[in-house]
Structures are given as structure tokens and as C-alpha cells.
2 protein chains.
Amino acid sequence: MLSRLARLTTNAELPVLARFDLTMWEYVVLLGLGEGPVRTQSALAEAIGADKTRIIHVLDTLQQRGLITREPDETDRRVRLVGLTPTGRRTLHDSQAAIQDNETVLLNVLADGEQRRFLRNLERLYEAAPDLLG
Amino acid sequence: MLSRLARLTTNAELPVLARFDLTMWEYVVLLGLGEGPVRTQSALAEAIGADKTRIIHVLDTLQQRGLITREPDETDRRVRLVGLTPTGRRTLHDSQAAIQDNETVLLNVLADGEQRRFLRNLERLYEAAPDLLG
DNA sequence: TATTGTTATACTCTATAACTATA
DNA sequence: TATAGTTATAGAGTATAACAATA
């Protein structure tokens, strides 16, 4: 049930992201950087539930388009400090708003109080899942 | 959030299903037949949110293992009536119980009343999604 | 030796279109 | 011609292992 719902919502969101010239993983990476810069690409990958090898091409693209910065750390030159540029932050803000408009269509199936409750519970499960399920 | 939660739970459930020698799609097909036989494979595929071409190999396997029947309809020999055998029904029952045990671990993150509420809302969204999102 | 980032590759999953048999 | 089922194939998504640079 969860899987199918995720697939349907994902497919419905792809055209919205396309308006911002973003793939799903590019959007997820921007979201992962929204709270602030991240010190290693591995940490970023883990935070968004992706493989570290998979986001590399995503980071390449986002960097080329000037949406993120990827600077070597001076104290440990193996790691790259990744963060949003002002353009990247604006793109994240705009696309996130569009996505939320889209989600509202579905969430309106639920009564107003239930919407907030559902999202809160979903978030709680989302946070607990990695520890409980590996 | 939904996608990652779905992926985590799916991955956590695969070992459980493996104990019954079932893949995820085989399990989903058995679930789709749980309420009763289905008159066409296309209808079954659509009901579980799959492509009609994808479940064919699944049906082949389940039939070979004696978990489902797949009889040609006498009035229209193009269509196949698909249903569970007694063995199939038992396998579904047992595997479903094991899966639910597994899900309980995660759902226990939520308070008792919230669990039921979350599942009810999830079901409501699940049912509305195909119409609203395509 | 261990770790970060990268590349290459193989594997799985999914979608699409073409084929058959019935109607 | 249209539909149910099937097959084949190409594409996307994913996981794994090997590699270079740095610690």
C-alpha cells in the first residue's frame, strides 16, 4: 500500500519538477541541503537514504547549473563541503512550494485535522524506520 | 518521505517473505486474490497497481507451485479465471501474519489509537490516489 | 590501514511495443 | 477491428566492487 502510494505520488510529481528542470533525486538532494550545508557527500547520501555512488552525478549536474557549491575542506582534503548557492536556495523554495500545492490535492481527501495528524505520524515513522528496519 | 519509508519497509519485509519462498510481487498477487477469484489477469494487474505484462511470470511461478489456478473461461476463451488454491490461501494467510508481525515493530512507534488512525488515513489516500493522480 | 570521493559494471526493475489467439 | 494474454527488448534505476587521493 505504502509502495504503490509512493509510486503514484512520485509519478504525479515528476511533471511538476520538470517545470524546474529537476529530477526526483536532484530535488531530494536540494531538500537534504535545505537545512544547511553538509560536510561530506557520504553524510548527505545517507541523510536522504541514497547510495553515495548514486548522488555523484546528481551533484555534478547541480554544481554545473550553479545550484550547489562543492568545496574541498582545507583541514581534510578528502571531504567536500556541500551547500546551496543563493540560486539553489531559490530553486528549492519555488519547487518545494509547487510540490506542496500538488500534494494538497491528494491530502484534501482527509479532513483538515487528519491531514496534520497523518503527516506527523508519517514523519514519526520515517524517523524511526532507519533504526528499526536497518 | 513516503518513498523512502516504502523502500525501507519493503527491504525489511523481503527476508520475511523469503521464509515462504515468495517475492514481493508474488505476495502482492496472492493478496490481490485474497478477496476472491478475478476474471482477467489485466483486472488483477490493475487492482494491485502493476503492469499486466509484469505479473505473467509471477502467475507462471505461482501456478507451477500450486498456489493459484488459472483456468480459461468457457464463454470467452481469451480470458483466464485466476484464483487461489487451498494451498495458496494457506500460504497467503501465513505470510500475511508474518508480515503483520513485522509491521507491528514499526507501527508501535505510534500510540495505539494513532496506529489505527494512521492506517485508516493511509488506506483512504491509497484508494483516492489512482483517481486523483492518474 | 582506513576513509572520501569516483568510476565501471552488472543486475534488477519497469515500460513499450510487437505478436498470438480469440472475439 | 478490438481485446486478453504473451513475449522480447530497450531503458531506467540500483547495487557492488574496484580505484585514486588523502589521512
- How do D76(B) and R70(A) order along DNA chain C: which one's closest nucleotide is nearer the 5' end? R70(A)

- Separation of dA15(D) C1' from K52(A) NZ (nearest whole Å): 13 Å

- Task: Starting at atom CG of D73(A), determine the distance to atom P of dT22(D), rounded to an integer number of angstrom.
- Result: 13 Å

- Query: Does a nitrogen or oxygen in the side chain of R54(B) sit under 4.0 Å from OP1 or OP2 of dT14(C)?
  - Reply: yes

- Classify the nucleic acid contact of R7(A) as base, sugar-phosphate or nothing, counting any heavy atom under 4.0 Å across all strands shown. nothing

- Note on the structure: On DNA chain D, more 5' by nearest nucleotide between T53(A) and R78(A) is T53(A)

- Interatomic distance where CG belongs to D51(A) and C1' belongs to dC11(C) [whole Å]: 14 Å

- d(CD1, I55(B); C1', dA4(D)) in whole Å: 11 Å

- Query: Nearest-Å distance, CE (M24(A)) to P (dT14(D))?
  - Reply: 11 Å

- Rounded interatomic separation in angstrom, taking CD1 from I56(A) and P from dA21(D): 15 Å

- Message: Check this one for me: any side-chain N or O of R80(A) less than 4.0 Å away from OP1 or OP2 of dT6(C)?
- Response: yes

- Message: With a 4.0 Å limit, can you tell me whether W25(A) has a side-chain N or O closer than that to the phosphate oxygens OP1/OP2 of dG13(D)?
- Response: no

- Message: Strictly below 4.0 Å: does S42(B) bring a side-chain N or O up to OP1 or OP2 of dG5(D)?
- Response: yes

